[in-house]
Participant: 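What follows is a structure written as C-alpha coordinates; I'll ask about it next.
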Amino acid sequence: TAKKTETVTKAAADKAEKTTKSVAEKAEKATKAVAEKTAKATKETAKKAEKAIKETAKKAEKAADKTLLFAKSRILRYEDYKENDKLIWAYCEELGKITFIAKGAKKSKSKNLALTLPLCFADYIFFKGRNLYNLQEGKIINSFQGLLDNLDKLTYSSYICELIDICVEDGEVNKELFKEFITCLYLLNTDAMDYELLIRAFELRLLNATGYGLQFDKCSICKKNINTSEYISLSYFGGVCDTCNKEYGIYISRAGFNALRFLSKTSMDKIYRLNIDKNIKKQIEKITTFIINSNYSRKPKSLEMLNYIKE
(Lines give C-alpha, C1' and ligand atoms only; values in the text may rest on other atoms or scores of the structure.)
Protein backbone atom coordinates (compact mmCIF):
# COMPACT_ATOMS: atom_id res chain seq x y z
CA THR A 1 0.00 0.00 0.00
CA ALA A 2 2.83 2.35 0.95
CA LYS A 3 4.59 1.59 -2.33
CA LYS A 4 1.39 2.18 -4.32
CA THR A 5 0.79 5.43 -2.45
CA GLU A 6 4.36 6.56 -3.11
CA THR A 7 4.02 5.70 -6.81
CA VAL A 8 0.71 7.56 -7.11
CA THR A 9 2.14 10.53 -5.25
CA LYS A 10 5.21 10.61 -7.46
CA ALA A 11 3.09 10.36 -10.61
CA ALA A 12 0.87 13.15 -9.35
CA ALA A 13 3.92 15.30 -8.57
CA ASP A 14 5.41 14.61 -12.00
CA LYS A 15 2.12 15.47 -13.62
CA ALA A 16 1.78 18.66 -11.57
CA GLU A 17 5.35 19.65 -12.39
CA LYS A 18 4.74 18.98 -16.08
CA THR A 19 1.49 20.96 -15.99
CA THR A 20 3.18 23.84 -14.17
CA LYS A 21 6.03 23.86 -16.69
CA SER A 22 3.56 23.85 -19.59
CA VAL A 23 1.57 26.70 -18.07
CA ALA A 24 4.76 28.69 -17.47
CA GLU A 25 5.87 28.16 -21.06
CA LYS A 26 2.47 29.24 -22.38
CA ALA A 27 2.49 32.29 -20.08
CA GLU A 28 6.01 33.21 -21.22
CA LYS A 29 5.00 32.78 -24.86
CA ALA A 30 1.85 34.85 -24.36
CA THR A 31 3.82 37.58 -22.54
CA LYS A 32 6.39 37.66 -25.32
CA ALA A 33 3.64 37.90 -27.96
CA VAL A 34 1.95 40.74 -26.05
CA ALA A 35 5.30 42.55 -25.71
CA GLU A 36 6.02 42.20 -29.44
CA LYS A 37 2.50 43.38 -30.29
CA THR A 38 2.84 46.35 -27.93
CA ALA A 39 6.25 47.28 -29.39
CA LYS A 40 4.86 47.08 -32.92
CA ALA A 41 1.84 49.21 -31.97
CA THR A 42 4.11 51.75 -30.23
CA LYS A 43 6.33 51.95 -33.32
CA GLU A 44 3.33 52.46 -35.60
CA THR A 45 1.92 55.10 -33.24
CA ALA A 46 5.29 56.91 -33.24
CA LYS A 47 5.36 56.87 -37.05
CA LYS A 48 1.81 58.25 -37.22
CA ALA A 49 2.67 60.94 -34.68
CA GLU A 50 5.80 61.91 -36.63
CA LYS A 51 3.79 62.06 -39.86
CA ALA A 52 1.10 64.18 -38.20
CA ILE A 53 3.73 66.58 -36.83
CA LYS A 54 5.31 66.97 -40.29
CA GLU A 55 1.93 67.62 -41.91
CA THR A 56 1.05 70.16 -39.22
CA ALA A 57 4.41 71.90 -39.73
CA LYS A 58 3.84 72.03 -43.50
CA LYS A 59 0.36 73.49 -43.01
CA ALA A 60 1.71 76.06 -40.56
CA GLU A 61 4.48 77.01 -42.99
CA LYS A 62 2.00 77.30 -45.84
CA ALA A 63 -0.33 79.42 -43.71
CA ALA A 64 2.59 81.67 -42.71
CA ASP A 65 3.54 82.13 -46.36
CA LYS A 66 0.02 83.31 -47.13
CA THR A 67 -0.11 85.96 -44.42
CA LEU A 68 -1.87 88.94 -46.01
CA LEU A 69 0.12 92.14 -46.42
CA PHE A 70 -1.56 95.53 -46.85
CA ALA A 71 0.27 98.29 -48.71
CA LYS A 72 -0.41 101.58 -50.49
CA SER A 73 1.31 101.13 -53.84
CA ARG A 74 1.89 102.83 -57.17
CA ILE A 75 2.37 100.81 -60.34
CA LEU A 76 5.77 101.52 -61.95
CA ARG A 77 5.65 99.17 -64.94
CA TYR A 78 4.35 95.77 -65.98
CA GLU A 79 4.93 92.90 -68.39
CA ASP A 80 2.57 90.25 -69.71
CA TYR A 81 3.15 86.94 -67.93
CA LYS A 82 1.89 83.61 -69.26
CA GLU A 83 -1.50 83.62 -70.97
CA ASN A 84 -3.67 85.71 -68.63
CA ASP A 85 -1.38 87.06 -65.91
CA LYS A 86 0.72 90.19 -65.41
CA LEU A 87 4.11 90.62 -63.77
CA ILE A 88 4.13 94.03 -62.09
CA TRP A 89 6.73 96.29 -60.48
CA ALA A 90 5.33 98.64 -57.84
CA TYR A 91 6.55 101.09 -55.22
CA CYS A 92 4.88 100.60 -51.83
CA GLU A 93 4.78 102.72 -48.72
CA GLU A 94 5.14 99.72 -46.37
CA LEU A 95 7.14 97.26 -48.51
CA GLY A 96 9.37 99.42 -50.71
CA LYS A 97 9.86 98.41 -54.33
CA ILE A 98 8.41 94.97 -55.03
CA THR A 99 7.49 92.67 -57.90
CA PHE A 100 4.17 90.85 -57.81
CA ILE A 101 1.99 88.60 -59.97
CA ALA A 102 -1.61 89.56 -60.75
CA LYS A 103 -3.31 86.35 -61.85
CA GLY A 104 -5.92 86.72 -64.58
CA ALA A 105 -5.32 90.48 -64.81
CA LYS A 106 -5.22 90.39 -68.63
CA LYS A 107 -8.81 89.15 -68.83
CA SER A 108 -11.32 91.87 -69.67
CA LYS A 109 -13.65 90.81 -66.84
CA SER A 110 -10.93 90.43 -64.21
CA LYS A 111 -11.37 92.32 -60.94
CA ASN A 112 -7.63 93.04 -61.06
CA LEU A 113 -7.60 94.62 -64.52
CA ALA A 114 -8.12 98.22 -63.34
CA LEU A 115 -5.76 97.68 -60.38
CA THR A 116 -2.88 96.83 -62.70
CA LEU A 117 -3.15 99.64 -65.22
CA PRO A 118 -0.16 102.00 -65.58
CA LEU A 119 -0.20 105.00 -63.18
CA CYS A 120 -2.67 103.30 -60.80
CA PHE A 121 -2.34 104.22 -57.10
CA ALA A 122 -4.26 101.92 -54.76
CA ASP A 123 -4.53 100.09 -51.45
CA TYR A 124 -3.36 96.58 -52.31
CA ILE A 125 -3.54 93.30 -50.42
CA PHE A 126 -0.72 90.83 -51.16
CA PHE A 127 0.41 87.47 -49.90
CA LYS A 128 4.01 86.31 -50.17
CA GLY A 129 4.60 83.40 -52.51
CA ARG A 130 7.75 81.32 -52.77
CA ASN A 131 9.59 83.91 -54.88
CA LEU A 132 7.17 86.77 -55.56
CA TYR A 133 4.26 88.60 -54.01
CA ASN A 134 0.79 87.69 -55.27
CA LEU A 135 -2.04 90.19 -55.62
CA GLN A 136 -5.10 89.21 -53.60
CA GLU A 137 -7.28 92.28 -54.13
CA GLY A 138 -7.21 96.07 -53.87
CA LYS A 139 -9.07 99.36 -53.87
CA ILE A 140 -8.14 102.22 -56.21
CA ILE A 141 -7.24 105.54 -54.55
CA ASN A 142 -6.43 107.44 -57.76
CA SER A 143 -6.02 106.03 -61.26
CA PHE A 144 -4.28 109.22 -62.53
CA GLN A 145 -5.89 108.68 -65.91
CA GLY A 146 -5.94 112.48 -66.39
CA LEU A 147 -2.19 112.32 -66.99
CA LEU A 148 -2.84 110.38 -70.21
CA ASP A 149 -4.41 113.42 -71.89
CA ASN A 150 -1.24 115.52 -71.87
CA LEU A 151 2.07 114.44 -73.41
CA ASP A 152 4.20 116.45 -70.99
CA LYS A 153 2.35 115.14 -67.93
CA LEU A 154 2.43 111.56 -69.18
CA THR A 155 6.13 111.71 -70.01
CA TYR A 156 7.15 113.30 -66.72
CA SER A 157 5.04 110.84 -64.70
CA SER A 158 6.65 107.95 -66.60
CA TYR A 159 10.04 109.49 -65.92
CA ILE A 160 9.68 109.69 -62.14
CA CYS A 161 8.38 106.09 -62.12
CA GLU A 162 11.46 105.07 -64.10
CA LEU A 163 13.68 106.93 -61.61
CA ILE A 164 12.18 105.01 -58.69
CA ASP A 165 12.62 101.76 -60.59
CA ILE A 166 16.29 102.54 -61.35
CA CYS A 167 17.43 104.26 -58.15
CA VAL A 168 15.61 102.40 -55.35
CA GLU A 169 16.69 98.92 -54.24
CA ASP A 170 14.12 96.12 -53.97
CA GLY A 171 12.49 96.01 -50.56
CA GLU A 172 14.05 99.32 -49.44
CA VAL A 173 11.37 101.16 -47.43
CA ASN A 174 11.48 104.97 -47.32
CA LYS A 175 8.11 106.44 -46.36
CA GLU A 176 9.29 110.03 -46.81
CA LEU A 177 10.42 109.36 -50.39
CA PHE A 178 7.16 107.53 -51.09
CA LYS A 179 5.25 110.59 -49.84
CA GLU A 180 7.29 112.91 -52.10
CA PHE A 181 6.75 110.52 -55.04
CA ILE A 182 2.95 110.54 -54.65
CA THR A 183 2.91 114.30 -54.02
CA CYS A 184 4.81 114.86 -57.26
CA LEU A 185 2.25 112.78 -59.18
CA TYR A 186 -0.68 114.72 -57.72
CA LEU A 187 1.01 118.02 -58.60
CA LEU A 188 1.69 116.79 -62.13
CA ASN A 189 -2.03 116.11 -62.41
CA THR A 190 -2.74 119.84 -61.98
CA ASP A 191 -2.16 122.79 -64.31
CA ALA A 192 -0.70 125.09 -61.67
CA MET A 193 2.95 123.99 -61.73
CA ASP A 194 6.04 124.43 -63.86
CA TYR A 195 6.56 120.73 -64.65
CA GLU A 196 10.29 121.06 -65.30
CA LEU A 197 10.95 122.65 -61.91
CA LEU A 198 8.72 120.07 -60.23
CA ILE A 199 10.75 117.25 -61.78
CA ARG A 200 14.04 118.89 -60.76
CA ALA A 201 12.73 119.17 -57.19
CA PHE A 202 11.83 115.48 -57.17
CA GLU A 203 15.22 114.51 -58.62
CA LEU A 204 16.97 116.39 -55.79
CA ARG A 205 14.85 114.57 -53.18
CA LEU A 206 15.55 111.22 -54.80
CA LEU A 207 19.30 111.92 -54.87
CA ASN A 208 19.20 112.85 -51.21
CA ALA A 209 17.22 109.71 -50.26
CA THR A 210 19.62 107.41 -52.11
CA GLY A 211 22.91 108.85 -50.82
CA TYR A 212 23.78 111.44 -53.48
CA GLY A 213 22.27 114.57 -51.95
CA LEU A 214 23.92 117.92 -52.68
CA GLN A 215 25.30 120.24 -49.96
CA PHE A 216 24.33 123.89 -50.31
CA ASP A 217 25.06 125.54 -46.95
CA LYS A 218 28.67 124.37 -46.51
CA CYS A 219 31.58 123.92 -48.89
CA SER A 220 31.47 120.25 -49.85
CA ILE A 221 35.30 120.08 -49.60
CA CYS A 222 36.42 122.14 -46.59
CA LYS A 223 32.99 122.34 -44.86
CA LYS A 224 33.19 126.13 -44.46
CA ASN A 225 29.81 127.91 -44.42
CA ILE A 226 28.83 129.41 -47.77
CA ASN A 227 25.97 131.62 -48.88
CA THR A 228 26.24 130.78 -52.56
CA SER A 229 28.66 129.22 -55.04
CA GLU A 230 29.58 129.17 -58.70
CA TYR A 231 30.72 125.56 -58.81
CA ILE A 232 29.18 122.16 -58.01
CA SER A 233 31.65 119.36 -57.20
CA LEU A 234 30.55 116.02 -58.63
CA SER A 235 33.06 114.18 -56.44
CA TYR A 236 31.97 115.72 -53.12
CA PHE A 237 28.36 116.42 -54.17
CA GLY A 238 27.88 120.06 -53.33
CA GLY A 239 28.90 123.67 -53.69
CA VAL A 240 32.55 124.70 -53.47
CA CYS A 241 33.82 127.87 -51.75
CA ASP A 242 36.05 130.46 -53.47
CA THR A 243 39.30 129.10 -51.99
CA CYS A 244 38.99 125.34 -52.64
CA ASN A 245 40.14 123.71 -55.89
CA LYS A 246 37.50 123.45 -58.54
CA GLU A 247 37.91 120.14 -60.33
CA TYR A 248 35.70 117.22 -61.29
CA GLY A 249 32.57 119.36 -61.31
CA ILE A 250 30.42 121.83 -63.21
CA TYR A 251 30.40 125.63 -63.17
CA ILE A 252 27.01 127.18 -62.47
CA SER A 253 25.75 130.74 -62.10
CA ARG A 254 24.99 132.01 -58.62
CA ALA A 255 21.34 132.29 -59.65
CA GLY A 256 21.43 128.62 -60.71
CA PHE A 257 23.03 127.56 -57.42
CA ASN A 258 20.44 129.51 -55.41
CA ALA A 259 17.63 127.97 -57.50
CA LEU A 260 18.98 124.47 -56.81
CA ARG A 261 19.04 125.21 -53.09
CA PHE A 262 15.49 126.59 -53.21
CA LEU A 263 14.20 123.48 -55.02
CA SER A 264 15.97 121.21 -52.56
CA LYS A 265 14.69 122.87 -49.40
CA THR A 266 11.22 124.09 -50.40
CA SER A 267 8.10 121.94 -50.22
CA MET A 268 7.12 120.81 -53.71
CA ASP A 269 3.71 122.46 -53.52
CA LYS A 270 5.47 125.82 -52.96
CA ILE A 271 7.99 125.76 -55.82
CA TYR A 272 5.60 127.73 -58.04
CA ARG A 273 7.08 130.76 -56.25
CA LEU A 274 10.36 130.28 -58.12
CA ASN A 275 10.58 132.14 -61.41
CA ILE A 276 13.72 131.50 -63.49
CA ASP A 277 14.61 131.67 -67.16
CA LYS A 278 15.38 128.81 -69.54
CA ASN A 279 19.14 129.21 -69.22
CA ILE A 280 19.07 128.61 -65.46
CA LYS A 281 16.69 125.67 -65.95
CA LYS A 282 19.23 124.15 -68.33
CA GLN A 283 22.04 124.60 -65.78
CA ILE A 284 20.02 122.82 -63.10
CA GLU A 285 18.98 120.02 -65.44
CA LYS A 286 22.59 119.48 -66.53
CA ILE A 287 23.71 118.91 -62.93
CA THR A 288 20.91 116.58 -61.81
CA THR A 289 21.03 114.62 -65.07
CA PHE A 290 24.79 114.13 -64.85
CA ILE A 291 24.61 112.82 -61.27
CA ILE A 292 21.74 110.45 -62.09
CA ASN A 293 23.38 109.12 -65.25
CA SER A 294 26.72 108.61 -63.48
CA ASN A 295 25.71 106.89 -60.24
CA TYR A 296 22.94 104.38 -60.92
CA SER A 297 22.73 101.06 -62.74
CA ARG A 298 21.25 102.49 -65.93
CA LYS A 299 20.25 105.79 -67.51
CA PRO A 300 16.58 106.79 -67.62
CA LYS A 301 15.18 107.13 -71.14
CA SER A 302 11.65 108.44 -70.62
CA LEU A 303 12.53 112.09 -71.32
CA GLU A 304 14.53 111.51 -74.50
CA MET A 305 11.57 111.72 -76.88
CA LEU A 306 10.05 114.75 -75.14
CA ASN A 307 13.38 116.61 -75.20
CA TYR A 308 13.77 115.73 -78.88
CA ILE A 309 10.30 117.10 -79.67
CA LYS A 310 10.98 120.33 -77.74
CA GLU A 311 14.27 120.89 -79.51
Side-chain angles (χ1 to χ4, degrees), residues 72-76 90-94 96-97 118-122 141-168 172-217 232 237-239 252 255-278 280-292 295-296 300 302-303 306-307:
K72 282 185 172 63
S73 310
R74 168 66 160 73
I75 302 299
L76 299 176
Y91 190 44
C92 310
E93 183 177 22
E94 294 83 1
K97 192 178 73 175
L119 308 179
C120 184
F121 174 45
I141 299 172
N142 194 326
S143 64
F144 288 107
Q145 295 304 296
L147 296 172
L148 300 174
D149 298 332
N150 183 292
L151 178 61
D152 286 7
K153 292 180 181 182
L154 177 60
T155 304
Y156 285 129
S157 61
S158 299
Y159 173 67
I160 64 172
C161 287
E162 187 181 15
L163 283 180
I164 292 290
D165 191 29
I166 292 172
C167 304
V168 177
E172 183 180 325
V173 177
N174 187 326
K175 292 189 175 183
E176 185 61 31
L177 179 59
F178 180 85
K179 179 183 175 183
E180 299 284 11
F181 175 54
I182 297 302
T183 298
C184 187
L185 285 168
Y186 273 101
L187 291 173
L188 276 173
N189 207 24
T190 69
D191 296 318
M193 305 295 294
D194 183 318
Y195 303 138
E196 288 186 54
L197 293 182
L198 180 62
I199 294 304
R200 300 290 88 80
F202 179 75
E203 288 173 336
L204 290 168
R205 283 156 174 75
L206 181 65
L207 290 172
N208 189 57
T210 53
Y212 299 101
L214 295 174
Q215 298 180 62
F216 297 105
D217 297 326
I232 297 288
F237 298 102
I252 186 173
F257 182 88
N258 294 337
L260 266 173
R261 178 162 53 191
F262 180 87
L263 291 173
S264 176
K265 295 179 177 295
T266 305
S267 173
M268 283 196 290
D269 62 340
K270 300 290 192 302
I271 63 171
Y272 67 88
R273 298 173 180 174
L274 182 64
N275 186 16
I276 56 178
D277 60 34
K278 288 183 179 181
I280 295 176
K281 286 183 181 179
K282 284 292 182 185
Q283 292 178 32
I284 295 172
E285 181 184 5
K286 182 179 180 181
I287 289 169
T288 58
T289 300
F290 187 92
I291 296 173
I292 290 170
N295 292 285
Y296 298 105
S302 300
L303 293 183
L306 183 63
N307 291 336

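On a predicted model such as this, the values are computed, not experimentally measured, just so you know. If you read the sequence from its start, that first residue is 1, and numbering goes on from there.
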Participant: What distance separates Ile287 CD1 from Ile252 CD1, expressed to the nearest 0.5 Å?
Facilitator: 3.5 Å
Participant: Taking the inter-plane angle between the rings of Phe121 and Phe144 on a 0 to 90° scale, is it parallel (under 30°), tilted (30 to 60°) or perpendicular (over 60°)?
Facilitator: tilted
Participant: Is there a side-chain contact between Ile160 and Leu188 (heavy atoms, below 4.5 Å)?
Facilitator: yes
Participant: For the residue pair Pro300 and Leu163, what are the closest heavy atoms and their distance?
Facilitator: CG-CD2, 4.0 Å
Participant: More than 12 heavy atoms of other residues, nucleotides or ligands under 6.0 Å from NZ of Lys72: is that the case?
Facilitator: no
Participant: Let me see the working for Leu214 and Ile291 under side chain to side chain contact (heavy atoms under 4.5 Å, CB included), right down to the final yes or no.
Facilitator: CA-CA 10 Å; Leu214 295 174; Ile291 296 173; 3.7 Å; yes
Participant: Please name the pair of heavy atoms, one in Leu206 and one in Cys167, separated by the smallest distance, quoted to 0.1 Å.
Facilitator: CD2-SG, 3.7 Å
Participant: Do other residues, nucleotides or ligands put more than 12 heavy atoms under 6.0 Å from the CG atom of Asn275?
Facilitator: no
Participant: Rounded at 0.5 Å granularity, tell me how far CG in Asn189 sits from OG in Ser143.
Facilitator: 8.5 Å
Participant: Just wondering, are more than 12 heavy atoms of other shown residues or ligands nearer than 6.0 Å to OH in Tyr186?
Facilitator: yes
Participant: If you look at every heavy atom in Ile284 and Gly256, which pair is closest and at what distance?
Facilitator: CG1-O, 4.1 Å
Participant: If every non-hydrogen atom of Ser157 is compared with every non-hydrogen atom of Leu147, which pair is closest and at what distance?
Facilitator: CB-CD1, 3.8 Å
Participant: Donor-acceptor pair, Glu162 side chain versus Ser302 backbone, under 3.5 Å?
Facilitator: yes
Participant: Could you grab the distance from atom CD1 of Ile276 to atom CG of Leu263, nearest 0.5 Å is fine?
Facilitator: 6.5 Å
Participant: When you compare the side chain of Leu119 with that of Arg74, does any pair of heavy atoms fall below 4.5 Å?
Facilitator: yes
Participant: Between Thr266 and Ile271, which heavy-atom pair has the shortest distance, and what is it?
Facilitator: O-CG2, 4.2 Å
Participant: How many angstroms lie between atom SG of Cys184 and atom CD1 of Ile164, to the nearest 0.5 angstrom?
Facilitator: 9.5 Å
Participant: Given side chains that start at C-beta, do those of Phe237 and Leu207 come closer than 4.5 Å, heavy atoms only?
Facilitator: no
Participant: What class does the angle between the rings of Tyr156 and Tyr195 fall in, given that below 30° is parallel, 30 to 60° is tilted and above 60° is perpendicular?
Facilitator: tilted
Participant: Going from CG on Asn174 to OG1 on Thr210, what distance comes out if it is rounded to the nearest 0.5 angstrom?
Facilitator: 9.5 Å
Participant: So do the side chains of Leu177 and Val168 get within less than 4.5 Å of each other, counting heavy atoms only?
Facilitator: yes
Participant: Check the angle between the aromatic planes of Phe181 and Tyr91 and answer parallel, tilted or perpendicular using the 30° and 60° thresholds.
Facilitator: perpendicular
Participant: Say you draw a straight line from CG of Asn142 to CD1 of Ile182; how long is it, rounded to the nearest 0.5 Å?
Facilitator: 9.0 Å
Participant: For residues Glu176 and Glu180, determine if any side-chain heavy atom of one lies less than 4.5 Å from a side-chain heavy atom of the other.
Facilitator: yes
Participant: Under a 3.5 Å threshold, yes or no: a donor from one side chain and an acceptor from the other, between Asn258 and Arg261?
Facilitator: yes
Participant: Within the side chain of Lys97, is there an N or O that forms a donor-acceptor pair under 3.5 Å with the backbone of Asp165?
Facilitator: yes
Participant: Mind listing the closest non-hydrogen atom pair of Lys265 and Asp217 along with its distance?
Facilitator: NZ-OD2, 3.1 Å
